[in-house]
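Atoms within a ligand are numbered from 1 in the order they appear, just like the ligands themselves.
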Amino acid sequence: MEPMEEPKEEPMEDELEIIHAEVDSVLKRYESNPEKLIPILQGVQAKLGYLPKEAMLQIADAVQIPEVEVYGVGTFYNQFRLNPPGKHQIKVCMGTACHMTGGRIIMDSFERRLEIPEGETTPDREFSLERVACVGCCALAPVVLVDEEVEAKVRPTRVDGILLGFGMELPSANNKQKEEGREE
Ligand code: FES
């Protein structure tokens, strides 16, 4: 199992109150029982959509398990996400069939366009990008789930179309040259 990445996103000010209240309610449900650490983490993720660092600290304090151990559990299991999900979630299938038909190239294209590596969320929280295992429609490989809708036989050229469909502004060829300092 691959270890998860360190959280990069800090919760916004007004989110901290919500985080503390939601974590409190989950802790109450499990009576802060340290043996229920995984269900507690699952419950908090179900409420918040991810496991903020602040939530893990609060849990560690309540169940009296060292922070590093709680964090270790949160980072070990792929089911837990440490960054907030984007408004639009892009999941690139990396099962065998999709991998063999260009899944990695599709992932690279999204990473380049969104300017984030897989497993992360754009700073404006519009998009999150992650890899998933076989989603069960290998005949349509390579497959991308866009907000749980299946995009079939995706080619790198389709990546821009998907993002444009959400109103994302893509750099034009001229702007790209300017950014890269290649304008004459
Ligand atoms: S490997 Fe991608 S759908 Fe099966």
Side-chain angles (χ1 to χ4, degrees), residues 1-11 22 26 37-53 55-56 70-173 175-176 179-180:
M1 194 177 301
E2 289 175 26
M4 292 180 65
E5 298 204 3
E6 297 256 331
K8 304 252 173 24
E9 298 279 337
E10 292 295 329
E22 296 290 16
V26 174
L37 178 59
I38 289 183
I40 289 170
L41 293 173
Q42 287 169 330
V44 170
Q45 178 160 284
K47 296 244 182 199
L48 300 172
Y50 75 116
L51 291 178
K53 189 176 62 191
M56 288 195 277
V70 174
Y71 186 74
V73 172
T75 53
F76 182 76
Y77 293 101
N78 283 342
Q79 64 175 295
F80 296 123
R81 59 177 308 142
L82 305 191
N83 291 312
K87 188 167 143 205
H88 302 295
Q89 296 180 39
I90 295 170
K91 298 174 182 170
V92 180
C93 181
M94 285 292 181
T96 306
C98 290
H99 192 261
M100 299 292 287
T101 49
R104 184 67 249 173
I105 297 168
I106 302 303
M107 178 66 90
D108 287 346
S109 302
F110 276 114
E111 285 182 335
R112 233 182 351 261
R113 278 307 192 203
L114 295 173
E115 299 181 347
I116 51 170
E118 65 173 76
E120 290 196 16
T121 302
T122 53
D124 62 3
R125 298 201 187 172
E126 276 294 304
F127 298 96
S128 50
L129 178 63
E130 58 193 284
R131 67 162 62 206
V132 288
C134 178
V135 293
C137 40
C138 306
L140 305 177
V143 168
V144 176
L145 294 182
V146 180
D147 292 339
E148 303 307 325
E149 293 284 326
V150 173
E151 286 275 343
K153 298 184 188 289
V154 178
R155 296 284 162 252
T157 47
R158 176 77 188 110
V159 167
D160 281 2
I162 291 170
L163 297 177
L164 283 168
F166 290 118
M168 183 176 173
E169 284 182 24
L170 300 175
S172 66
N175 287 344
K176 191 130 187 68
E179 279 169 20
E180 292 168 5

*Determine whether the side chain, the backbone, both or neither of C93 has a heavy atom under 4.0 Å from any heavy atom of ligand 1.*
side chain
_Quick check: do V44 and Y50 have side-chain heavy atoms less than 4.5 Å from each other?_
no
_C137 near atom 2 (Fe) of ligand 1: N/O/S under 2.8 Å_ = no
_What I want to find out is whether K91 reaches E130 closely enough, with some N-O distance under 4.0 Å, to be called a salt bridge._
no
_Distance check below 2.8 Å: does C98 bring an N, O or S atom to atom 4 (Fe) of ligand 1?_
no
*Just which atoms of ligand 1 are under 4.0 Å from any heavy atom in A97?*
1 (S)
*asked:* Closer than 3.5 angstrom, by distance alone: can the side chain of T121 be matched with the main-chain N or O of R125 as a donor-acceptor pair?
replied: no
*R112/D108 salt bridge by N-O under 4.0 Å criterion*: no
*asked:* Show me which atoms of ligand 1 lie under 4.0 Å from any heavy atom of V135.
replied: 3 (S)
*With salt bridge (Lys or Arg N to Asp or Glu O under 4.0 Å) as the test, would you mind laying out the steps for R81 and E120 before giving the verdict?*
CA-CA 9 Å; R81 59 177 308 142; E120 290 196 16; over 6 Å; no
